[in-house]
Amino acid sequence: MFDQEKQALADKIEKFCQERGLPAKSLEWRDIPFRGEWGMAAPLFPLAAADPNRQVPVPQHAQFLAESLRTYLGDLPGFSRIEAVRGYLNLYFSPPEYAQKVVQLVLANGEGYGTRQGTGKATMVEYSNPNTHKPLHVGHLRNVILGGSIANILEASGKKVIRVNYIGDIGLHVIKWLCNYEKYHQGETPSEDKTRWMGDLFAEADRRFAYEDSFEAEVRAYFARWDARDPHILELWKQTRDWSMEGFAQVYDLLGERFDRIYFESEVEEPGKAVVEQLIKSGLAHDGRPEEPVIINLDELLGTKEEYRVVIILRSDGTSLYATKETPLAILKFTEYDLDQSIYVIDVRQSLHMKQIRKVLELMGYPWAEHIYHLAYEIVNLPGNVTMSSREGTVVLLDDLIREATNRALEIVRDKNPELSPQEMQAIAEAVALGSIKYPMLARENTKMVTFDWENALDFNGQSAPYIQYAHVRANSILRKAGMEQFEVPQFSYALQPSEINLIELLARLPDEIQRAAKELKPSLVANFAYDLAKVFNDFYNQCPVLNAEPAIREARLALVAAARICLAKVLTLLGIRAPEVM
RNA sequence: GCCCUUGUAGCUCAAUGGACAGAGCAGCAGCCUUCUAAGCUGUUGGUUGCAGGUUCGAAUCCUGUCAAGGGCGCCA
């Protein structure tokens, strides 16, 4: 933002160091942690520690250097004052200039503020990955939300992004479902809620499989028939798979997710078996059939001990496994696209598995194997550390949660905005409900477990999406009443309130926050920033009258509100949360 | 047994190796003739699991230890 000034400053500091025989270390600048006045700060401890002429303890010497430097620098253009405190050199920006630059920059870029155009090779993000014939619960939600947000953030940071969904449309779970359906529910068709109906039947099939030996045997036989491409089974499979896919489409539509490419497990099953043959031929895999499965003993091949373990790539009966299909999928991805990085958003329990797949691809000689990255996230549990399991009946279904949250939000909207049409009310309630469900899953670190509880999920107060959405609504409300679309170059030539300064500071930080979140693949950084931004905006809202301020101040503050609205909408969008105009 | 993750206020979580460790919820006391109170103000609450080490400086990095969760040959 102040590049020229910063460069001039760096030159002066370098000269200062040279004159005193100090190592020419560049100072590390950071924000000053005190709010209400802004600028940049540098600790002088490293320089003090490296000073050969130092005779007092480092902190004391750092303070001495800071003071010397302050005197040496004198008055600098663009900065209002310089101070030396506890070993830090603090430079304060000149408020009117800084404020104007920031607000103008935001307004000039609009929705594009803080984002860059996509250049270079693409980054692929694989996420959601639902299994057909199974219910969708809150646990699946974290994956979708996280993956979608990461894709958004990467895109905003200047990457080309390819969103990919890998659908588990085949495997033991599907065979179980089909076998159970044919035996006990022949000819039945799904009820209104297809996903739920499919899920209920899955739970039933899963129970039979676990507790009835005869059923298990039937399922195995059924799998063999699938393998032999029994036309009857293929037909049934296609039909039932479509039911699931229709249900998924509804959910993605509601959540606002879209994909550039959908891969099906079924499309890589045959290629996977070919890869297995190839691995056996090359000697990497050991074929123990018919008694034993086909395995790759990675530890033996690599000389490691209990690190990569053994990976099973084909069952002893020749049917495929998850690992059978993972290698051809990776090959397909890198064949279809020119990728810089291939990110897999998959829960942490599959860490070893992903590590094995990567290593197998590496051993097969694919140079891009190192560009595979497993983004591991922790699962969503229920209170008391109960894992969601459809078999145990310990799940919170997505449908139920969204419906309940929307109803609660609708009550509040009706109460607050009785003049709106039912359609408008519904749209707002949905935006609020989905936001409040999504936000807690994004605001934690990926590696931290999320415990779901109803009370929390339906709380629209405090650190939550509605809080941020509400700040956006307030900004929007002011602008609507002002009736302004265009803004003159704002003049902040009055005494700025601390809350105004804090707000402007956060607006200025937005681009860096996006970059950092993209680099670290952490939507939590954006989620927490969004809350900070909303909080600071609410402070401003309470302390600084806009519409009733005297003309010069009113104009500047309106521009600031417009800039804040843009940024609030921006961060919400990155999180996959809608920013309503009214609520 | 081997490996991974987590441990911060009563609860849920923040904190690019840097200044007094911050929010929300819960509790208590207040604020709607003033741009929407899904908001705001004040207040209570801490030996950052424990012990060492590295560093001018550690919640953050390293080692050990304790606790919780997860993974480890035919589920995905």
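Given the structure is predicted, the values throughout are model-derived calculations rather than measurements. By convention in this document, chain letters (A, B, ...) are assigned in the order of the sequence lines, proteins followed by strands, and residues within each chain are numbered from 1.
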Compare side-chain N and O positions of [X] against OP1 and OP2 of [N] and report whether any pair is under 4.0 Å apart.
| X | N | result |
| --- | --- | --- |
| A:Lys355 | B:C4 | no |
| A:Thr447 | B:U5 | no |
| A:Arg480 | B:C35 | no |
| A:Arg309 | B:C74 | no |
| A:Lys519 | B:U16 | no |

_Counting only side-chain heavy atoms from C-beta out, which of B:C74, B:C2, B:U12 sits nearest to A:Arg444?_
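The closest nucleotide is B:U12.
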*Please determine, for the side chain of A:Glu306, which listed nucleotide (B:U6, B:C75, B:C2) has the closest atom?*
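Selected nucleotide: B:C2.
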With sequence neighbours excluded, what pairs up with [X] under the side chain to side chain contact (heavy atoms under 4.5 Å, CB included) test?
| X | result |
| --- | --- |
| A:Ala559 | A:Val103, A:Leu107, A:Phe487, A:Pro490 |
| A:Arg81 | A:Glu37, A:Glu83, A:Tyr92 |
| A:Asp459 | A:Asn461 |

*Which residue pairs pass the ring pair (Phe, Tyr, Trp, His ring centres under 6.0 Å) test when at least one of the two sits in residues 514-535 of chain A, sequence neighbours left out?*
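Passing the test, one end in residues 514-535 of chain A: A:Tyr467-A:Tyr531.
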_Verdict with supporting geometry, A:Leu521 and A:Tyr373, side chain to side chain contact (heavy atoms under 4.5 Å, CB included)_ = CA-CA 11 Å; A:Leu521 299 174; A:Tyr373 180 78; 3.5 Å; yes
*Taking for each residue the nucleotide of RNA chain B bearing the nearest heavy atom, is the 5' side occupied by A:Leu321 or by A:Tyr467?*
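Looking at the nearest nucleotide for each, A:Tyr467 comes out on the 5' side.
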*Between A:Arg86 and A:Ile295, name the one whose nearest nucleotide on RNA chain B is closer to the 5' end.*
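Between the two, 5'-proximity favours A:Arg86.
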_I need the CD-P distance between A:Gln543 and B:U41, as an integer number of Å._
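Taking CD of A:Gln543 and P of B:U41, I get 8 Å after rounding.
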*Specify the separation, in whole Å, of atom CG of A:Asp31 and atom P of B:A19.*
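Answer to the nearest Å: 13 Å.
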Report all interatomic pairs (protein N or O, nucleotide N or O of nucleotides 23-32 of chain B) with separations under 3.5 Å.
| unit_1 | atom_1 | unit_2 | atom_2 | d |
| --- | --- | --- | --- | --- |
| B:A23 | O2' | A:Tyr531 | OH | 3.0 |
| B:G24 | O2' | A:Gln463 | N | 3.3 |

_Check this for me: does any side-chain nitrogen of one of A:Lys273 and A:Asp227 sit under 4.0 Å from a carboxylate oxygen of the other?_
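A salt bridge is present here (some side-chain N lies under 4.0 Å from a carboxylate O).
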_Please determine whether a side-chain nitrogen of the Lys or Arg among A:Glu292 and A:Arg289 lies less than 4.0 Å from a carboxylate oxygen of the Asp or Glu._
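Judged by the 4.0 Å cut-off on N to carboxylate O distance, A:Glu292 and A:Arg289 do not form a salt bridge.
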*Please list, chain by chain and in numerical order, all residues satisfying salt bridge (Lys or Arg N to Asp or Glu O under 4.0 Å) with A:Asp453, sequence neighbours excluded.*
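Residues passing salt bridge (Lys or Arg N to Asp or Glu O under 4.0 Å) with A:Asp453: none at all.
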_Can you list everything that forms a salt bridge (Lys or Arg N to Asp or Glu O under 4.0 Å) with A:Glu411? Sequence neighbours excluded, please._
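Listed in chain order: nothing, the list is empty.
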Within the 4.0 Å heavy-atom criterion, would you say [X] contacts the bases, only the backbone, or no part of the nucleic acid?
| X | answer |
| --- | --- |
| A:Gln469 | nothing |
| A:Arg315 | base |
| A:Val561 | nothing |
| A:Val311 | nothing |

_I'd like to know if A:Ser316 reaches the base of B:C74 with its side chain, counting only an N/O donor and acceptor under 3.5 Å._
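It does, because a donor-acceptor pair links the side chain of A:Ser316 to the base of B:C74 below 3.5 Å.
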Tell me which donor-acceptor pairs under 3.5 Å the side chains of residues 52-68 of chain A have, and how far apart each pair is, sequence neighbours excluded?
| unit_1 | atom_1 | unit_2 | atom_2 | d |
| --- | --- | --- | --- | --- |
| A:Arg54 | NE | A:Ala48 | O | 3.4 |
| A:Arg54 | NH1 | A:Val56 | O | 3.1 |
| A:His61 | NE2 | A:Asp51 | OD2 | 2.7 |
| A:Gln63 | OE1 | A:Arg86 | N | 2.9 |
| A:Gln63 | OE1 | A:Gly87 | N | 2.8 |
| A:Gln63 | NE2 | A:Glu67 | OE2 | 2.7 |
| A:Gln63 | NE2 | A:Ala84 | O | 3.4 |
| A:Ser68 | OG | A:Phe64 | O | 2.8 |

Write down the protein N/O and nucleotide N/O pairs, taken from nucleotides 54-56 of chain B, whose separation is under 3.5 Å; answer none if there are no such pairs.
none

*asked:* Can you give me the closest heavy-atom contact between A:Val276 and A:Ile313, atom names plus distance?
replied: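 Nearest heavy atoms, A:Val276 then A:Ile313: CG2-O, 3.7 Å.
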_Suppose you measure atom P in B:G39 against the same atom in B:U63; what distance do you get, rounded to whole Å?_
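Those two atoms are separated by 44 Å.
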*Under the ring pair (Phe, Tyr, Trp, His ring centres under 6.0 Å) test, which residues partner A:Phe248, sequence neighbours left out?*
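Once residues adjacent in sequence are excluded, A:Phe248 has no partner under the ring pair (Phe, Tyr, Trp, His ring centres under 6.0 Å) criterion.
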*Taking the six-membered ring of A:Phe264 as reference, does the NZ or CZ atom of A:Arg241 fall below 6.0 Å from its centre and within a 45° cone about the axis?*
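Cation-pi check for A:Arg241 and A:Phe264: passes.
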_Heavy-atom protein contacts under 4.0 Å, nucleotides 60-70 of chain B, coded B base, S sugar-phosphate only, - none_ = ---------SS
*Parallel, tilted or perpendicular: rings of A:His353 and A:Tyr322 (30°, 60°)*: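 Plane angle between 30° and 60°, so tilted.
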_Stepwise side chain to side chain contact (heavy atoms under 4.5 Å, CB included) check, A:Leu298 with A:Val360_ = CA-CA 8 Å; A:Leu298 285 166; A:Val360 168; 4.2 Å; yes
*asked:* Counting runs of three or more consecutive pairs, Watson-Crick or G-U wobble, with each distance below 3.5 Å, where are the stems of RNA chain B?
replied: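 Counting only runs of 3 or more consecutive pairs, the stems involving RNA chain B are B:1-7 with B:66-72, B:10-13 with B:22-25, B:27-31 with B:39-43, B:49-53 with B:61-65.
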